[in-house]
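Below is one structure, written out as structure tokens; the observations come after it.
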Amino acid sequence: MKKVTVWGSILCVLGFVLFLIAFGLSGWDLKNLDTGEALTQRDLTRMATTRSITIEDEDADVILSVSPDDQIHLSYFENEEETYEISGTDDLRIAHKTAGQWPLQLFQLDFYDEKRALKLAIPTAYQGVLKIETQYGDIQMAGIASGDVSLRATDGTIDLEKLQIKGTLAVDNDYGVIRLTDIKVADSIEAKTQDGKIVLSNLDAQNSISAQSQYGNIELADVAVGKKLFLKSYDSAIRGDIVGNLLDFSGTSHTEDGHNNLPETLSAGEKVLTVESEYGNIDLSFSE
């Protein structure tokens with residue numbers, strides 16, 4: 001107990017010292033610690049010859065939609081403290097940057113009229129690679145086509161619908177919901193989250209689909225695969241509807257401490273089905 005008290009006192013002192021440093025850097029004026037500078041909207045247009053587009057952000061929502069023409073359109077917000085570094089032609093990279101002195105940033109409070117968003121519109125014929133990462137923002141994509149797609153979020157919602165993917169779709173979200181709807185993929189789909197729900201609706205992957213969640217439910221509706229379907233949870237339910245017949249699949253299904261409506265061993269079909277859960281229920285059905 002004594003050690004905890006000592007360490008707590010040390011952390012309090014360090015926090016106070018950092019506050020004094022930030023206060024001094026602000027000119028000893030509390031107003032400078034109050035809010036950041038107002039954001040200004042910027043717009044950029046590129047020819048659609050890009051092989052790949054990479055977006056790296058921290059807390060902005062990233063929204064992708066269909067371009068009204070054959071060009072790539074980018075809309076974003078920035079000020080002196082928060083800017084975007086845009087580089088490359090064939091391989092376009094858009095990276096969020098935070099300027100300023102880090103002790104001051106610790107105590108700076110930013111209040112904007114609405115949540116910051118980065119919007120990207122790409123042509124329907126785009127065949128390049130998309131790689132998007134944001135820590136605390138949402139990722140939304142609707143109605144577009146592309147090559148390989150890789151999406152990563154820490155604590156936001158990833159919501160995708162009506163996509164045509166020529167390669168693979170990989171979605172990783174630590175603590176937020178993953179929702180995939182009306183998507184066709186030439187290769188594979190992989191969705192992974194630690195503490196969020198995964199909702200898969202009307203998916204068609206010519207190769208495989210993999211969905212893994214630690215503590216969020218995995219829900220399926222009209223999910224079709226060409227070769228493999230892998231579903232895994234730790235303490236959450238796996239339920240829904242798979243396109244086809246139970247006899248189309250070989251593989252295993254098992255839950256350590258839950259209800260399972262499937263046979264533990266399947267050996268009839270050419271497709272592979274693997275369903276695993278430690279403490280969650282498994283309730284899956286099949287439809288032609």
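Residue numbers count from 1 along this sequence. These numbers come from a predicted model, not from an experiment.
- Partners of Asn173 by side chain to side chain donor-acceptor pair (under 3.5 Å), not counting sequence neighbours: none found.
- Side-chain contact annotation: Ser75 with Gln41, donor-acceptor N/O pair under 3.5 Å present.
- Checked against the 6.0 Å centroid criterion, the rings of Phe77 and Tyr84 do not qualify as a close aromatic pair.
- Side-chain contact annotation: His254 with Glu264, donor-acceptor N/O pair under 3.5 Å present.
- A donor-acceptor pair shorter than 3.5 Å cannot be found between the side chains of Ser233 and Ser213.
- Using a 4.5 Å heavy-atom cutoff, the side chains of Ile94 and Glu85 are not in contact.
- Counting heavy-atom neighbours within 6.0 Å of Lys184 NZ, excluding the residue itself, gives a total of 12 or less.
- Applying the side-chain hydrogen bond (donor to acceptor under 3.5 Å, both in side chains) test to pairs two or more places apart or on separate chains, those with a residue in residues 193-205 are Asp182-Asn202.
- In this structure, Tyr234 belongs to a hydrophobic cluster whose other members, linked by side-chain heavy atoms under 4.5 Å apart, are Tyr215, Tyr279.
- Annotation: salt bridge (charged side-chain N to carboxylate O under 4.0 Å, His left out) contacts involving residues 239-258, sequence neighbours excluded, comprise Glu219-Arg239.
- Sorted by first and then second residue, the salt bridge (charged side-chain N to carboxylate O under 4.0 Å, His left out) pairs involving residues 40-49 (not counting sequence neighbours) are Arg42-Glu78.
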Verdict with reasoning, Val243 to Val223, per side-chain contact (heavy atoms from CB on, under 4.5 Å): CA-CA 6 Å; Val243 174; Val223 172; 5.8 Å; no
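- When the side chain to side chain donor-acceptor pair (under 3.5 Å) test is applied to Gln135, no partner is found at least two apart in sequence or on another chain.
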Derivation and outcome, side-chain hydrogen bond (donor to acceptor under 3.5 Å, both in side chains), residues Ser208 and Ser188: CA-CA 5 Å; Ser208 64; Ser188 302; 3.0 Å; yes
Would you list the atom pairs, donor with acceptor, under 3.5 Å between side chains in residues 158-169 and any protein atom, with sequence neighbours excluded?
| residue | atom | partner | partner atom | Å |
| --- | --- | --- | --- | --- |
| Asp159 | OD2 | Arg179 | NH1 | 3.3 |

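- Val272 forms part of no hydrophobic cluster, judged by ILVMFWY side-chain heavy-atom separations under 4.5 Å.
- Gln212 contributes atom CD, which lies 10.0 Å from atom CG of Asp172 (distance to the nearest 0.5 angstrom).
- Pairing each heavy atom of Ser277 with each of Ile238, the nearest pair is CB-CD1, 4.4 Å.
- For Lys227, the side chain to side chain contact (heavy atoms under 4.5 Å, CB included) test picks out Asn207, with sequence neighbours left out.
- Scanning both residues, Asp138 and Thr157, for their nearest heavy atoms gives OD1-N, 2.8 Å.
- Pairing each heavy atom of Asp187 with each of Ala205, the nearest pair is O-CB, 3.9 Å.
- The shortest non-hydrogen separation linking Gly269 to Ser250 is O-OG, 2.5 Å.
- Contact between Ser287 and Asp222 at its shortest, heavy atoms only, is OG-OD1, 4.3 Å.
- Side chains of Ile72 and Pro123 form a contact here, defined as non-hydrogen atoms less than 4.5 Å apart.
- Taking the ring-ring contact (aromatic ring centres under 6.0 Å, His included) definition, one finds that His73 meets it with nothing, sequence neighbours left out.
- Partners of Ser52 by side chain to side chain contact (heavy atoms under 4.5 Å, CB included), not counting sequence neighbours, listed by chain and number: Asp91, Val129.
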Worked check of side-chain contact (heavy atoms from CB on, under 4.5 Å) between Arg152 and Asp174: CA-CA 8 Å; Arg152 175 83 172 88; Asp174 286 345; 3.1 Å; yes
Derivation of the side-chain hydrogen bond (donor to acceptor under 3.5 Å, both in side chains) call for Glu56 and His96: CA-CA 6 Å; Glu56 300 171 0; His96 177 262; over 6 Å; no
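- Side-chain polar atoms of Ser236 and Asn217 form no donor-acceptor pair below 3.5 angstrom.
- Residues Thr181 and Leu203 share a closest heavy-atom pair of N-CD2, 4.3 Å.
- Of the possible donor and acceptor atoms, none in the side chain of Lys97 sits under 3.5 Å from a partner among the backbone N and O of Glu82.
- For Tyr126, there are no ring-ring contact (aromatic ring centres under 6.0 Å, His included) partners, not counting sequence neighbours.
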